[in-house]
Amino acid sequence: MGTLLIRPPGHHRDVALRPAATAMVWIGEGHPHEMIAVPGVSLGDADVLVAVEMSTICGSDVHTVQGRRSAPTPLVLGHESVGRVIAIGDDGALAVDGTPLRIGDRVVWSVTVSCARCDRCLRGLPQKCRDLGKYGHDRIGVHGDLTGAFGSHVQLRAGTAIVRVPEALPAAVLAPAGCATATAWAAVARAAQGRDLEGVTVRIHGAGLVGLSAAAIAADQGALVEVLDPNPERRALAARFGATALDREPDVVIEASGHAVAEALAGVTVGGIVVLVGSVFPADPVPLDAESIVRRLVTVAGIHNYTGAELAAAVGFLAGRGRAYPFADAVGAVRALAEIDEALLAAAAPGAPLRIALVPGR
């Protein structure tokens, strides 16, 4: 019988921050955010400390502060961000492409932290890790205070998918990549199931940033894309992301709003696939006509978050052919980090832009 060798826990590297980092802490519904100062962090062996360039407010952040989504408090919200590496743990850290990260690298990162060892991670589902962590979703304290994007810095833990990004791409394009763009890429990839999308008809319900991103990704791959949304301004914007009108039943339906699941299931053609991606908040159950699903040979798939490879692919799209689409226009307002409460109210208001951005030190 062999000897079991147990590796001792890795040591931590203390990093002082001068001036101190700041983070906006949400303490519960109905309360304003409180700013805290973080004079230093303790980096694990493969942790990465990032100075935030820009963060954007996602719909889930709005749902949290409105009480529509449960979350532990105190909490630093935010998970769509772009920043620059300023410190790395002693063992170093790798980007998704397998190369070592360096001080000064401009990066985006996954919303999730995974172990890479459990059965789900080994099946290619790191976003559903048995020991999952999520930026902007986990209570502060256990993993330090810089655990969300609504701060001047974020401490990225080992198990985070980190992707280098081009210096030339605007922060407004890159910040949403770690949520909206990567999720849209995962949804289109699931819909394609490895086939060529040239000439495939795609209907997308919802012209939020996920839906519009999915439209651009599918259109760029040769699909004929239709975007449905009750907002006429959003429908007009969809045309700039590659959308048009369909003259036949869609082969693929991507439900990106969370409000049109029944319509998505009913509208897909025989042998089609419905990808549900927008149902990420509590809603009334949707009646299911199982006989119709069976007789029409319909496939129904759910997408929640994404893998590191999908994040890298989404960034590659934004840096390449995605430049043809107006992703930079998605950010309709930029506010100082300290104005977070006003920004969240604006993001929840009727007619709000697709994204409102927060910038530290503005």
Side-chain angles (χ1 to χ4, degrees), residues 15-41 48-66 69 71-87 106-111 134-141 143-157 160 165 169-180 209 328 330-349 352-362:
V15 177
L17 296 169
R18 302 290 185 272
T22 57
M24 302 303 297
V25 179
W26 183 68
I27 59 175
E29 184 183 357
H31 298 280
H33 280 71
E34 296 184 359
M35 180 180 286
I36 63 170
V38 183
V41 298
V48 174
L49 184 63
V50 173
V52 173
E53 179 181 352
M54 174 183 283
S55 298
T56 44
I57 297 174
C58 176
S60 66
D61 299 314
V62 175
H63 293 159
T64 298
V65 299
Q66 290 178 334
R69 177 179 165 277
T73 56
L75 173 69
V76 179
L77 289 163
H79 54 272
E80 292 185 342
S81 194
V82 58
R84 199 170 297 278
V85 176
I86 64 168
R106 193 181 188 216
V107 295
V108 297
W109 53 92
S110 59
V111 63
K134 298 188 76 173
Y135 297 103
H137 295 71
D138 294 341
R139 186 182 189 278
I140 66 173
H143 301 291
D145 296 325
L146 303 176
T147 56
F150 296 160
S152 63
H153 298 70
V154 180
Q155 183 173 346
L156 303 182
R157 294 154 49 197
T160 304
V165 296
L169 272 185
V173 173
L174 291 168
C179 182
L209 190 51
V331 174
V334 181
R335 306 191 71 151
L337 179 62
E339 299 172 351
I340 184 172
D341 291 307
E342 295 86 347
L344 283 162
L345 285 173
L354 291 167
R355 288 293 188 271
I356 292 177
L358 297 170
V359 177
R362 182 180 171 89

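Only this structure's heavy atoms are used, side chains among them; waters, hydrogens and symmetry mates stay out.
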Can you find a heavy atom in the side chain of [X] that is under 4.5 Å from one in the side chain of [Y]?
X: His153; Y: Val41; answer: no
X: Val52; Y: Val154; answer: yes
X: Val165; Y: Leu174; answer: yes
X: His79; Y: Asp61; answer: yes
X: His33; Y: Leu344; answer: yes
X: Ile57; Y: Val62; answer: yes
X: Ile36; Y: Val76; answer: no
X: Val48; Y: Thr160; answer: no

Smallest separation among heavy atoms of [X] and [Y], with atom names:
X: Leu354; Y: Ala330; answer: CB-O, 3.4 Å
X: Gly151; Y: Pro360; answer: O-CG, 3.7 Å
X: Ala23; Y: Leu146; answer: CB-CD2, 4.1 Å
X: Met54; Y: Ala175; answer: O-CB, 3.9 Å

(request) Scan residues 72-81 for pairs that pass salt bridge (Lys or Arg N to Asp or Glu O under 4.0 Å), counting only residues two or more places apart or in two chains. (result) Glu80-Arg355
(request) Apply side-chain contact (heavy atoms from CB on, under 4.5 Å) to Leu17 and Ile86, showing your working. (result) CA-CA 10 Å; Leu17 296 169; Ile86 64 168; 4.3 Å; yes
(message) Could you work out, with side-chain hydrogen bond (donor to acceptor under 3.5 Å, both in side chains) as the rule, every residue matching Glu339, not counting sequence neighbours?
(response) Arg335
(request) Apply side-chain contact (heavy atoms from CB on, under 4.5 Å) to Asp341 and Met24, showing your working. (result) CA-CA 10 Å; Asp341 291 307; Met24 302 303 297; 5.7 Å; no
(message) For the backbone of Thr22 and the side chain of Ser152, can you confirm whether one donor and one acceptor N or O come within less than 3.5 Å of each other?
(response) yes
(message) Taking Arg84's backbone N and O only, do any of them form a donor-acceptor pair with Arg106's side chain (distance below 3.5 Å, no angle check)?
(response) no
(message) Ignoring hydrogens and geometry beyond distance, is a side-chain donor-acceptor pair present between Tyr135 and Ser81 at under 3.5 Å?
(response) no
